[in-house]
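Notes follow once the structure below has been shown.
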Amino acid sequence: MSKKKSGLVGGVITGVIIFIGLICLIMCIEKIPVGYEAVVYSINGGVQDETLTQGWHIISPTKKAKIFTISNEQLLLTQDSREGSKEDDSFKVSTSDDASIAISFQMTYKFDETKLVDTYKKFRGMDGETIVNNRVKSVLKSKVSEVTTDYSMMDIYSGNRSEINNKLTEYLDGEFMDSYGIQVLDASIIDVHPDEQLKEAINNRVTALQRKQQALAEQETAKVEAETALIKAQNEADIKVKEAEAEAKANKLKADSITDELIRMKEAEARLKHGWVTVQGNAATVIDQNK
């Protein structure tokens with residue numbers, strides 16, 4: 001073989017080797033997206049304690065990386081089509097008055113980066129998305145019902161929704177952190193979808209509530225009117241008592257003012273004007289005895 005041919009063959013072989021090397025290098029490159037960390041499993045050494053942070057990493061072909069979100073992710077289970085909820089994913093929950101009502105629900109969550117390795121081991125190599133879709137979603141509905149059973153249908157439909165959502169967030173955070181290493185940042189009932197039967201029941205309850213409120217208002221009005229009448233009557237009675245007291249006091253003052261000297265003076269005045277007269281009693285009545 002000539003040197004020219006030998007050199008050509010060597011160049012081809014070198015090119016093939018380089019190409020194969022590039023392919024292997026590409027296969028060993030692992031990209032961890034922003035907001036994620038990866039747990040690495042080695043065929044030789046098992047699960048590694050160190051996780052891979054965001055960015056590009058070169059790992060051995062004998063290792064596999066499974067990613068978990070450590071940034072805020074949103075899970076939507078809604079009746080209409082929204083991001084993450086491609087069809088009717090609403091579900092029914094139980095209430096304290098034995099009703100069952102469909103709701104749309106959203107949850108903001110992330111995996112606790114300090115528990116990623118333990119979570120990976122617990123779920124035998126599942127990545128974060130698989131754990132959420134196959135495990136979390138399967139128990140989510142019953143977990144939400146464990147909270148809603150403390151509230152009536154009207155509480156959920158038109159009551160203090162913020163209180164219920166706070167309870168849901170607190171409860172699911174505790175449950176999912178223990179079971180899945182997931183931190184729940186917010187859990188909310190974002191809409192309620194009553195069926196026709198429930199709509200009728202809700203309307204009846206609303207009507208009954210309005211009638212009750214009207215009756216209470218009427219009772220309060222009657223109570224105020226009665227109290228007003230009582231106060232008016234008491235005031236009138238007080239006025240009469242005061243008028244009577246004033247009259248009695250005036251009469252007493254008048255009676256106390258008629259003295260013997262006044263009587264004698266009245267008699268003297270009468271004699272001068274009418275002749276012989278007698279003044280009888282405290283009323284100082286002048287009697288003309290000449291008639």
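With no hydrogens or angles considered, a side-chain donor-acceptor pair links Thr51 and Glu37 at under 3.5 Å. Defined by atom type and a distance below 3.5 Å, a donor-acceptor pair is present between the side-chain atoms of Asp127 and Thr130. For the residue pair Thr148/Asp150, the side-chain donor-acceptor check at 3.5 Å is not satisfied. A donor and an acceptor atom, one from each side chain of Asn166 and Thr169, are nowhere located under 3.5 Å apart. Between the side chains of Glu163 and Tyr151, at least one donor N or O sits under 3.5 Å from an acceptor N or O. Under 3.5 Å, the side chains of Asp97 and Thr95 contain a donor-acceptor pair of N or O atoms.
Side chain of Asp173 to backbone of Leu185: no donor-acceptor contact under 3.5 angstrom is found.
Checked against the 6.0 Å centroid criterion, the rings of Tyr180 and Phe123 qualify as a close aromatic pair.
Under the side chain to side chain contact (heavy atoms under 4.5 Å, CB included) criterion, Tyr157 pairs with Val192, Pro194, Ile202, sequence neighbours left out.
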For this session: Could you check Ser42 against Asn44 for side-chain hydrogen bond (donor to acceptor under 3.5 Å, both in side chains), going step by step and ending with a plain yes or no?
Result: CA-CA 5 Å; Ser42 173; Asn44 299 325; 4.7 Å; no
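The two atoms that bring Ser104 and Thr78 nearest to each other are OG-CA, 3.4 Å, heavy atoms only.
Within a 6.0 Å radius of CD in Glu146, other residues, nucleotides and ligands contribute more than 12 heavy atoms.
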